[in-house]
Every structure is written in structure tokens, then in C-alpha cells.
Amino acid sequence: MRFCVFALMGLIAAFTASAQDEFVFDRPDPETDRLVAQCLETDGVNMLEGSDVICYNSAIFPEQFLKLNALPEASRIIITSPGGNVATARGMSTILDARSEPVVIAGQCMSACAMVILPGLDQVHIHHTAHIAVHGITMMDYRTWWGWLKEGAAPTAMALMAAQLGYDFGYVLHRSGMDHMTDHLEGQKVEVGYIQEVSDRMYDAALLHDCRVDPKDYWGMLDAGHIQDFLSDRVTRMEAFAQSFDDPNNQLFKTIAQPISDQTYIFKSDLKDADC
């Protein structure tokens with residue numbers, strides 16, 4: 001009898017958790033779909049023809065985001081980007097803060113787009129074409145980073161000294177990205193878990209994979225639950241976008257990347273370079 005009671009309680013808990021995990025997405029809007037389709041076919045940073053909508057279809061470099069800064073006021077900005085340098089993206093985020101227009105995230109929002117631009121927005125619409133992915137196992141301390149590249153070895157005393165003095169340039173670059181991320185999230189009043197949880201998830205998946213690549217070569221997809229947990233007060237609309245590697249909306253990346261878990265993948269070119 002006691003077993004039956006516990007089993008029933010388990011079923012109720014599982015059902016409740018499942019119900020909580022279900023997400024009610026917004027239905028696509030035909031006018032937004034038309035504008036997004038037009039933007040995805042338009043390279044660069046421009047006002048979409050015949051509209052008051054800005055299309056930012058570009059990597060995140062100063063030339064591009066300074067052009068964004070020079071454009072007239074818009075009703076909204078559509079952003080699709082493969083990303084760029086994290087420090088540079090902070091400059092674009094500052095411009096977006098000053099402009100204060102609503103933003104539609106569509107198509108690929110990769111690397112610095114997902115890590116800096118998205119958590120810096122105040123009014124964001126996640127379009128159903130979106131593929132949002134964080135670049136690299138960002139939140140590694142020195143010992144973990146060293147061991148990852150040295151097949152689990154602990155850093156030598158000389159290596160630790162070099163790192164403390166800032167002479168391990170590989171780790172300096174890695175640490176720079178980590179510091180920029182944490183500073184940016186703090187400035188945007190977003191919990192560091194926004195990046196920490198994805199970084200940890202990629203690390204766990206990487207440990208179980210038989211091929212080890214550079215920490216920067218892992219990619220972690222963001223799902224609706226994660227965005228809701230950390231950015232719920234900033235999301236005005238969210239449509240059903242690609243949330244896992246096997247998602248039907250994720251066709252492009254299935255041809256160029258290899259999944260190592262349901263939300264973590266490595267580009268096939270990086271696997272080839274790692275001789276895996």
C-alpha cells in the first residue's frame with residue numbers, strides 16, 4: 001500500500017513538472033514574417049525598403065554597429081547575426097540601449113549575439129526562425145582550462161605563476177571573454193547563471209564525448225525555458241523557435257555541425273581540425 005502511495009505521488013509530481021515545462025508560444029505574425037524574410041535576404045545594416053524597420057543582418061563589428069547608430073529612428077530592429085567579439089558587442093549593446101527600439105531576434109543569433117546582445121535588450125521578440133547559441137565553454141577557471149587542453153594534467157607551478165602574472169596569453173584571451181560576460185550581465189541586471197548554466201551544460205556534454213576540442217569550439221543552444229528563467233521581463237513575444245539540435249526548425253546546422261548532446265554541438269570543420 002505504501003509503495004502504491006509513493007508511486008502515485010511520483011506520478012503526480014512528474015505530471016506537475018511536465019505541465020510546468022510546457023510553454024505556450026505566441027503565434028507567428030504574417031507582417032513580421034514578411035519583414036523577417038526580407039531582412040534575411042538583405043545583407044548589411046539598412047532600413048528595409050518601404051518600411052520604418054531596421055534590418056541588422058551582419059556580424060558584430062564597429063563598422064556595422066556604427067552604421068546602426070547613424071540610422072533614423074525605427075519602429076523596430078530585426079537582428080540576425082553570426083556574432084563577433086564579446087567586447088565589441090558591448091559597444092553595440094550600448095547603442096541599442098540608447099536607441100531603445102523593440103528588437104526582433106530572427107535567424108541565427110550566435111556567439112556575441114546570444115551572449116551580449118540578447119541579454120542586453122529590454123523589449124525583445126523571439127521569432128520562430130531563431131537559432132540562438134552560445135559560443136564556447138566560457139566559465140572555466142584556470143585549472144580546468146589547463147587540464148582541458150593538457151589531457152587532465154594539473155598546471156605546473158611555473159604555469160600557475162605565468163597565469164597569475166598574465167603571461168599565459170591563451171588563458172588571458174579566455175579570461176577576457178569571461179570577464180566581459182560577467183561585467184556585461186551585471187550591468188544589464190541579468191544573473192550570471194544566464195551564461196554559467198549553458199557553459200556548465202556544454203562542459204558536462206563535452207566530458208562524455210570521445211573527442212575533445214578547444215573550449216571555444218563548443219556551441220550551446222538556448223531554449224525557451226532558459227530565456228524565460230533569465231529574461232522573462234524583457235520578452236514581449238516568443239514564437240516556437242529551434243531549441244534542440246533535432247528540432248525540425250534546425251535544418252541548416254544539421255548539415256554543418258555534429259551534436260554531442262541534445263543542445264550542444266561542434267562544427268564539423270572544428271572536429272576535422274581536431275583530428276577526431
Side-chain angles (χ1 to χ4, degrees), residues 39 43-46 54-71 77-99 103 105-122 124 130-142 145 148-149 163 166-190 192 194-199 202-203 213-222 230-231 253 256-257 264-267 269-270 273-274:
C39 181
D43 291 331
V45 184
N46 303 283
I54 292 173
C55 170
Y56 189 106
N57 185 355
S58 179
I60 300 170
F61 295 120
E63 179 182 354
Q64 283 71 31
F65 68 67
L66 290 175
K67 185 174 182 180
L68 168 66
N69 193 45
L71 289 173
I77 303 172
I78 298 171
I79 294 179
T80 176
S81 175
N85 179 270
V86 170
T88 303
R90 294 183 71 177
M92 179 172 165
S93 184
T94 300
I95 289 172
L96 289 167
D97 275 342
R99 293 189 63 102
V103 170
I105 296 294
Q108 59 179 338
C109 180
M110 311 284 288
S111 185
C113 177
M115 300 164 80
V116 175
I117 301 303
L118 177 55
L121 300 174
D122 293 323
V124 60
H131 175 106
I132 306 171
V134 164
H135 185 197
I137 305 174
T138 308
M139 309 301 280
M140 275 185 171
D141 60 25
Y142 183 70
W145 180 84
W148 190 263
L149 299 178
Y167 291 127
D168 189 326
F169 298 115
Y171 186 69
V172 166
L173 291 175
H174 175 85
R175 181 59 187 263
S176 174
M178 185 194 308
D179 289 345
H180 274 295
M181 278 303 311
T182 54
D183 288 348
H184 177 70
L185 293 174
E186 181 180 353
Q188 295 293 338
K189 295 182 172 56
V190 175
V192 73
Y194 174 81
I195 193 69
Q196 182 76 61
E197 287 189 8
V198 185
S199 182
M202 283 190 280
Y203 180 72
V213 300
D214 192 285
K216 67 178 175 53
D217 292 332
Y218 294 92
W219 293 82
M221 298 176 69
L222 272 60
F230 293 97
L231 306 176
F253 289 87
I256 58 177
T264 303
Y265 59 85
I266 308 168
F267 282 106
S269 57
D270 291 325
D273 291 342

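Every heavy atom of this structure was used, including side-chain atoms; hydrogens, water molecules and symmetry mates were not. Sequential numbering from 1 along the given sequence is applied to the chain's residues. Values in this document were obtained by computation on a predicted structure and should not be read as measured data.
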Find the distance between [atom1] ([X]) and [atom2] ([Y]) and round it off to the nearest 0.5 Å.
X: F267; Y: D217; atom1: CZ; atom2: CG; result: 10.0 Å
X: I77; Y: R99; atom1: CD1; atom2: CZ; result: 5.0 Å
X: T94; Y: F65; atom1: OG1; atom2: CZ; result: 8.5 Å
X: I95; Y: L71; atom1: CD1; atom2: CG; result: 10.5 Å
X: M110; Y: F253; atom1: CE; atom2: CZ; result: 4.0 Å
X: I137; Y: I195; atom1: CD1; atom2: CD1; result: 11.5 Å

Qualifying residue, where the test is side chain to side chain contact (heavy atoms under 4.5 Å, CB included) with I117 and the options are M92, R90, H184: M92
Would you be so kind as to tabulate the donor-acceptor pairs closer than 3.5 Å made by side chains of residues 54-64, with sequence neighbours excluded?
unit_1, atom_1, unit_2, atom_2, d
Y56, OH, A59, O, 2.9
N57, ND2, C39, O, 3.1
N57, ND2, T42, O, 3.0

Quick one: are [X] and [Y] in side-chain contact, heavy atoms under 4.5 Å?
X: M181; Y: V116; result: yes
X: V213; Y: Y218; result: yes
X: T264; Y: W219; result: no
X: P119; Y: Q188; result: no
X: M139; Y: T182; result: yes
X: M140; Y: Y203; result: yes
X: Y194; Y: M115; result: no

Closest non-hydrogen atom pair, A133 against A114: O-CB, 3.5 Å
Considering all heavy atoms, the nearest S93-G120 contact: OG-CA, 4.1 Å
Side-chain donor or acceptor of [X] paired with backbone N/O of [Y] under 3.5 Å:
X: T88; Y: G84; value: no
X: T138; Y: S199; value: no
X: H135; Y: K216; value: yes

Trace of the side chain to side chain contact (heavy atoms under 4.5 Å, CB included) decision for L118 with I105: CA-CA 8 Å; L118 177 55; I105 296 294; 4.2 Å; yes
Criterion side chain to side chain contact (heavy atoms under 4.5 Å, CB included) on L121 and D97, from CA distance to verdict: CA-CA 7 Å; L121 300 174; D97 275 342; over 6 Å; no
Residues which pass salt bridge (charged side-chain N to carboxylate O under 4.0 Å, His left out) with D214, listed by chain and number, not counting sequence neighbours: none
